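Everything on this sheet refers to the single structure shown next.
Any value given below was found using the heavy atoms of this structure, including those in side chains, with hydrogens, waters and symmetry copies removed. If you're wondering where the values come from, they're calculated on a predicted model, not measured in any experiment.
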Amino acid sequence: VTIVVGSVTAPIPSGCEVVRVESTQDLYDAVTTRAPEMDVVIQAAAPADYRFATTYQEKHKKAHDGQPFVIELVENPDIAAAVGSAKKPGQTLVGFAAETENLHANAQKKLEKKNLDLIVANDVSKPGAGFNVDTNIATLITADGMTECPLRTKKELAGDILDKVMEIRSK
C-alpha cells in the first residue's frame, strides 16, 4: 500500500509506503508515476483546481497607489483524468466528487470522463458531510448503478468503498 499525502493531521497506518507532497503538481507527479504499478488507485485527495500563475520568493509589497492587486490563476493538471487515460487492464480506479449541486449528474460525468470504475459522490453543503467533520454522506456510483450511503463515520464509509472495490474486482 502506498499513500501519497500532503499536510494532514490524521495518523498514517504503519506498514505503508508514504510519499509526502506539498503542491498539486507534486501530487500529480507522485500519483501518475506510481499508478501504473497499482492494482487499485483510490484518489481521495482534494487537489486544488487552480494555482497562482506567478509566485514570489519574497513578500510582495503593496504599491501604495490604491490600485487593486490582481491575482491570476491557472488550471492545475487533472490527476484523475491523467490516471484514467493511462489505465491498464484489470486496474480499478476510484475517484471522488465533492459537489454542491447536481450531485449525481456531475459525478456520473466525472466517472465516464475520467475512466473511473467507481466514484464517491458527496454533497459537501449538507451538514455532517464533506470536509472538517468525521462523518460523511455519499453515493457510490459505478457504470452499473448507485448505492446510497447515509450519514456514517468516514471510517465506515471507507469500508463501504473497499467493499465496492472488491465487488468490482470480482467481476
Side-chain angles (χ1 to χ4, degrees), residues 1-51 74-99 103-124 129-149 152-171:
V1 174
T2 300
I3 299 175
V4 180
V5 64
S7 177
V8 297
T9 57
I12 303 209
S14 62
C16 299
E17 175 190 359
V18 178
V19 178
R20 297 205 176 265
V21 296
E22 292 186 14
S23 68
T24 300
Q25 185 63 52
D26 292 343
L27 181 63
Y28 177 89
D29 294 341
V31 171
T32 56
T33 57
R34 286 167 177 81
E37 303 166 16
M38 303 296 165
D39 294 322
V40 177
V41 179
I42 300 176
Q43 300 175 85
D49 291 333
Y50 294 91
R51 69 181 182 279
V74 294
E75 273 190 45
N76 271 319
D78 188 324
I79 300 165
V83 172
S85 69
K87 182 178 178 180
K88 65 180 186 179
Q91 192 173 43
T92 304
L93 304 182
V94 180
F96 284 68
E99 301 289 344
L103 177 68
H104 295 141
N106 288 340
Q108 186 72 41
K109 283 181 198 171
K110 285 182 182 179
L111 177 82
E112 295 164 9
K113 182 180 176 186
K114 299 180 186 205
N115 198 24
L116 302 171
D117 299 287
L118 169 64
I119 192 158
V120 181
N122 64 312
D123 182 342
V124 294
F131 307 105
N132 299 320
V133 293
D134 292 328
T135 58
N136 210 341
I137 303 163
T139 306
L140 307 183
I141 302 174
T142 66
D144 297 330
M146 298 183 194
T147 303
E148 296 294 336
C149 298
R152 63 196 59 222
T153 67
K154 288 184 176 176
K155 186 173 185 176
E156 290 169 325
L157 180 58
D160 295 334
I161 294 166
L162 291 176
D163 288 346
K164 185 61 80 173
V165 166
M166 295 307 294
E167 179 184 315
I168 291 166
R169 293 189 62 74
S170 71
K171 291 183 179 178

Practice task
Name all residues meeting the side chain to side chain contact (heavy atoms under 4.5 Å, CB included) criterion together with K155; count only those two or more places apart in sequence or in a different chain, and write none if there are none.
Solution key: T153
Practice task
Working to the nearest 0.5 Å, report the span between CD of E37 and CD of Q91.
Solution key: 10.5 Å
Handout entry: Spacing of K110 atom NZ and I141 atom CD1 [to the nearest 0.5 Å]
Key = 10.5 Å
Practice task
List the steps, then state whether side chain to side chain contact (heavy atoms under 4.5 Å, CB included) holds for L162 with I42.
Solution key: CA-CA 9 Å; L162 291 176; I42 300 176; 3.9 Å; yes
Exercise for the section: Tell me, yes or no, whether the heavy-atom count around M146 atom CE, taken from other residues, nucleotides or ligands under 6.0 Å, exceeds 12. Expected result: yes
Completion exercise
When every non-hydrogen atom of F131 is compared with those of K154, the smallest separation belongs to CA-NZ, 4.3 Å
Handout entry: Test item: D163 side-chain N/O and D160 main-chain N/O as donor-acceptor pair under 3.5 Å
Key = no
Practice task
With the side chain counted from C-beta on, respond yes when D123 and E99 share a heavy-atom pair under 4.5 Å apart, and no when they do not.
Solution key: no
Exercise for the section: Grab the two heavy atoms, one from A143 and one from L111, that are nearest each other, plus how far apart they are. Expected result: N-CD2, 3.9 Å
Practice task
Mind listing the closest non-hydrogen atom pair of M38 and R34 along with its distance?
Solution key: CG-O, 3.4 Å
In residues 2-20, what donor-acceptor pairs under 3.5 Å come from side-chain atoms, sequence neighbours left out?
residue : atom : partner : partner atom : Å
T2      : OG1  : E17     : OE1          : 3.0

Contacts under 3.5 angstrom, residues 113-122 side chains, donor-acceptor by atom type, not counting sequence neighbours:
residue : atom : partner : partner atom : Å
K114    : NZ   : D78     : OD1          : 3.3
K114    : NZ   : D78     : OD2          : 2.9
N115    : ND2  : G84     : O            : 2.9
D117    : OD1  : K87     : NZ           : 2.8
D117    : OD2  : K87     : NZ           : 2.9
D117    : OD2  : L93     : N            : 2.7
N122    : ND2  : N136    : OD1          : 3.2

Practice task
Side-chain contact test, heavy atoms from C-beta onward, threshold under 4.5 Å: evaluate it for R51 versus T24 and give yes or no.
Solution key: no
Problem - Spacing of CD1 belonging to I79 relative to CD belonging to Q43, to within rounding of 0.5 Å - result: 7.5 Å
Practice task
May I ask you to test the N76-P47 pair for a side-chain heavy-atom distance under 4.5 Å?
Solution key: no
Exercise for the section: Search all heavy atoms of Q25 against all heavy atoms of P77 and return the closest pair with its distance. Expected result: OE1-CG, 3.7 Å
Fill in the blank from the handout: For D144 and K171 the tightest heavy-atom approach is OD2-NZ, 3.2 Å
Problem - Inter-residue atom distance L140.CG - E167.CD, 0.5 Å rounding - result: 9.5 Å
Fill in the blank from the handout: Scanning both residues in full, the closest heavy-atom pair of A97 with L103 reads O-CD1, 4.4 Å
Practice task
Check whether the side chains of K164 and T142 place a donor and an acceptor atom closer than 3.5 Å, and report yes or no.
Solution key: no
